[in-house]
Amino acid sequence: MDTTTKIIGNWFHRDTIKILSRAVRHFPVVLLTGPRQSGKTSLLRRFYPKHAYISLDVPSLAAQAEDNAELFLEGIGSPVIIDEVQYAPSLFRAIKPVVDRHKKPGTFLLTGSQTFPLMQGVSESLSGRCAILNLQSLSAAEIRRRRKASEFDILVTGGFPELWKQHALPRDLWFSSYLATYLERDIRNILKVANLRDFERFLRAAAARTGQLLSYADMARDVGIAVSTARAWTSVLQASGQVLLLEPYHRNLGKRLVKTPKLYFLDVGLAAFLNGIGNRSQLLASPLLGAMWETFVLGEVFRSGLAAGVTPRLWFWQNRLGHEVDIVIDEGGRYRLAEMKFAERIGDSDLRGIRSFQEMYGVKNVAGAVVYCRTPHRHTVAPKITARHPILHGVERP
C-alpha cells in the first residue's frame with residue numbers, strides 16, 4: 001500500500017498509517033484503539049476500502065454480535081472492519097478459531113474506544129494473533145500539513161479531525177455534542193451511572209487539574225463524591241482514552257507505584273473547552289496557561305511514540321526541594337529529559353530541574369535534555385540541553 005497518499009479535501013494524512021500498514025500485513029487481527037472521533041474508522045475505511053464494514057455502535061447489531069458471535073461473523077464475512085468492538089466482547093472468542101484456521105493477515109480490523117475491556121478480550125482470546133495500535137486526535141504536524149494554524153489555534157481547538165475540516169461545526173457546539181455522546185454511550189456503558197451530571201462535573205474538575213498532581217481527595221470533595229468513586233471514574237477516563245496519568249520517576253520501581261501521579265488530558269482542546277477557554281485572549285488570561293502548554297506538549301510527545309507503534313514510557317521527576325523535570329525517559333539507565341515552558345526565552349532558572357536531576361543521577365547518565373518553549377529558533381542553551389518549539393521544530397520521539 002502507498003503510505004504517502006496525497007491529502008485531498010478534508011482528509012488529514014495520519015503518521016500512524018506506516019505502522020498500521022505493517023501490522024495489517026503481518027497480523028490476522030489489528031485492533032485500533034483511541035478516543036471517540038479520533039479518526040480510527042476514517043483511517044481504516046480509507047486505506048482498506050475492500051473490507052466490509054459494520055458498526056457495533058448500533059445497539060441492535062451489538063446485541064446480535066454478543067448473543068450469537070459465531071453466527072454473526074458468518075453473516076458479515078471477511079475481511080471486515082468492525083467498529084466499537086467493545087460492545088460485543090464475545091466476538092473475541094469467536095474470532096480466535098477463524099484466524100487459527102485461515103491465518104490470513106488483515107482479516108479482522110477492529111476499532112474500540114474503551115481500552116480496558118478491549119485489552120481483557122485480547123489477552124484472553126487473541127494473544128499473539130492481534131496487533132494493538134492507538135490513534136489519538138491529530139498532532140500539530142498532521143494539522144499543519146493541511147491547515148494554517150498557530151500555536152494558539154491548536155491549544156484552543158485541539159486535534160479532533162472534525163474541528164479542522166472545512167465547514168466544520170462551531171467549536172463549542174461540536175464539543176458539547178461530543179460530550180453528550182461520550183457520556184451517554186461510553187460512561188453509561190462502563191459505569192451504569194444513572195445521573196450523568198455527576199460524572200460531567202467530575203470531568204470538568206479533572207480538566208481543571210490537567211498538568212497537575214492528582215489528589216483524589218481534593219477532586220472528590222469538589223465534586224461531592226467518595227474518594228473511591230473519584231479513583232474509579234479516573235480509571236474510566238483512562239479507559240476511554242481521555243487522560244494519561246504520568247507517574248513519578250524513581251530508580252526503585254516500587255516507589256514509582258506509590259507516589260502521586262500527574263493527570264494530563266490527551267487532547268488539549270477538550271481540556272480548554274471544559275475549562276471555559278475559547279480563544280487566544282482567554283487562554284493568555286487563564287491561570288491554567290502553563291498547564292495547557294504542558295498538556296499540549298505532553299500530548300505531542302505521546303503521539304510521536306504512538307505513530308511508531310509503541311506506547312511511550314514517560315515519567316516526571318520531583319525532588320524534596322520541589323525541583324522538577326516534566327518528562328523523564330529511562331533508556332536502561334541512560335536518561336532523556338524534557339521541560340515544558342510557555343516562555344519564548346529560556347533562562348537559567350528554567351533549567352533548575354534538569355540540573356538537579358543531573359546531580360542526582362549523574363551528568364554522564366543524561367544523554368540529553370530539551371526545553372519545549374516558544375522560541376522561534378532551535379538552539380543550545382547549555383551543554384546537552386536544547387530549546388525548541390514543539391510546533392515549528394517538532395518533538396523528539398520517545
Side-chain angles (χ1 to χ4, degrees), residues 139-141 151-152 154-155 209-214 244-252 255-256 259-264 268 283-284 286-305 312-398:
S139 69
E151 59 202 31
F152 297 103
I154 294 173
L155 261 67
R209 290 164 170 79
T210 188
Q212 301 176 31
L213 291 172
L214 175 59
L244 173 71
L245 295 189
L246 200 65
E247 300 290 343
Y249 183 83
H250 298 276
R251 273 208 177 107
N252 183 310
K255 289 186 178 180
R256 292 182 207 169
K259 299 293 184 177
T260 303
K262 293 177 76 173
L263 181 147
Y264 286 93
V268 67
L283 176 66
L284 290 173
S286 173
L288 293 174
L289 175 61
M292 299 301 291
W293 180 255
E294 284 192 31
T295 297
F296 162 67
V297 175
L298 184 82
E300 291 292 290
V301 174
F302 190 69
R303 284 169 176 77
S304 70
R313 300 181 64 193
L314 310 175
W315 292 275
F316 77 96
W317 176 83
Q318 187 177 69
N319 66 11
R320 294 180 179 179
L321 297 176
H323 299 166
E324 183 176 322
V325 176
D326 293 326
I327 299 175
V328 175
I329 301 171
D330 183 353
E331 299 175 332
R334 293 276 288 174
Y335 303 100
R336 288 193 289 131
L337 312 177
E339 280 285 282
M340 303 179 282
K341 305 292 183 184
F342 185 74
E344 291 187 23
R345 295 183 179 182
I346 299 303
D348 194 64
S349 61
D350 296 314
L351 308 180
R352 186 180 299 120
I354 293 173
R355 287 179 171 147
S356 294
F357 188 98
Q358 289 173 328
E359 290 175 7
M360 175 168 286
Y361 292 98
V363 174
K364 68 180 187 302
N365 293 322
V366 178
V370 59
V371 181
Y372 292 113
C373 58
R374 294 168 55 242
T375 178
H377 305 290
R378 181 175 174 177
H379 62 281
T380 300
V381 293
K384 296 203 298 184
I385 304 175
T386 60
R388 62 193 291 175
H389 196 300
I391 295 179
L392 299 179
H393 312 127
V395 297
E396 293 183 352
R397 178 168 289 174

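Counting from 1, the numbers follow the sequence of the chain as shown.
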Could you check I329 against R313 for side-chain contact (heavy atoms from CB on, under 4.5 Å), going step by step and ending with a plain yes or no? CA-CA 7 Å; I329 301 171; R313 300 181 64 193; over 6 Å; no
Report the C-alpha separation of T386 and T380 in whole Å, then their side-chain angles, then the decisive distance to 0.1 Å, and conclude whether the side-chain hydrogen bond (donor to acceptor under 3.5 Å, both in side chains) test is met. CA-CA 4 Å; T386 60; T380 300; over 6 Å; no
With side-chain contact (heavy atoms from CB on, under 4.5 Å) as the criterion, how do L314 and V328 come out once you've worked through the C-alpha distance, each side chain's angles and the decisive distance to 0.1 Å? CA-CA 6 Å; L314 310 175; V328 175; over 6 Å; no
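Side-chain N or O atoms of H323 include none that pairs as donor or acceptor with a backbone N or O of N319 at under 3.5 Å. The main-chain N or O of D326 is found under 3.5 Å from a side-chain atom of E339 such that the two form a donor-acceptor pair. The backbone N or O of V366 sits less than 3.5 Å from a side-chain atom of K384, completing a donor-acceptor pair. Formation of a donor-acceptor pair under 3.5 Å by the R397 side chain with backbone atoms of G305 is not found in this model. Judged by distance alone, with hydrogens and angles left aside, the side-chain atoms of R303 form a donor-acceptor pair with the main-chain N or O of G299 at under 3.5 Å.
Nearest heavy-atom pair, P376 versus H393, reported as atom, atom and distance to 0.1 Å: O-NE2, 3.6 Å. When all heavy atoms of F302 and P312 are compared, the pair lying nearest together is O-CG, 3.5 Å. Residues G332 and D330 share a closest heavy-atom pair of N-OD1, 3.1 Å. Between Y372 and A338, the shortest heavy-atom contact is CE1-CB, 3.8 Å.
The one candidate from V268, V395, I154 that meets the side-chain contact (heavy atoms from CB on, under 4.5 Å) condition with E300 is V395. Checked against L337 for a side-chain contact (heavy atoms from CB on, under 4.5 Å), the options V325, V371, V370 give a single hit: V325.
Between F296 and W293, the ring-plane angle classifies as tilted under the 30° and 60° cut-offs. In this structure, Y249 and F357 have tilted ring planes: the angle between them lies in the 30° to 60° band.
Ion pair K341/E294 not flagged as a salt bridge, since none of the NZ, NE, NH1 or NH2 atoms sits closer than 4.0 Å to an Asp/Glu carboxylate oxygen. Salt bridge E396/R388: present, at least one basic N to carboxylate O contact under 4.0 Å.
Counting non-hydrogen atoms of neighbouring residues, nucleotides and ligands closer than 6.0 angstrom, the CZ atom of R334 exceeds 12 such neighbours. Other residues, nucleotides and ligands contribute only 12 or fewer heavy atoms inside 6.0 Å of the NE2 atom of H377.
Taking the side chain as every heavy atom from C-beta outward, F152 and L284 approach each other to under 4.5 Å. Taking 4.5 Å as the limit, every side-chain heavy atom of P261 sits out of range of all side-chain heavy atoms of L246. Residues S304 and P398 have side chains in contact (heavy-atom distance under 4.5 Å, counting atoms from C-beta outward). No side-chain heavy atom of T375 sits less than 4.5 Å from a side-chain heavy atom of I346. Between F316 and Y264 the shortest side-chain heavy-atom distance does not fall below 4.5 Å. Residues L298 and L244 meet the side-chain proximity criterion, which asks for heavy atoms closer than 4.5 Å.
Atom CZ of residue R374 and atom CD of residue E344 lie 4.5 Å apart, to the nearest 0.5 angstrom. A distance of 6.0 Å separates CG of L213 from CD of Q318, quoted to the nearest 0.5 Å. With values rounded to the nearest 0.5 angstrom, L321 atom CG is found 10.0 Å from R352 atom CZ. To the nearest 0.5 Å, atoms CD (E151) and CG (L283) are separated by 9.5 Å. If you take CD on Q212 and CG on L263, they are separated by 9.0 Å, rounding to the nearest 0.5 Å. Rounded to the nearest 0.5 Å, atoms OG1 (T295) and NZ (K262) are 9.0 Å apart.
Judged purely by distance below 3.5 Å, without hydrogens or angles, the side chains of N365 and Y335 never pair a donor atom with an acceptor atom.
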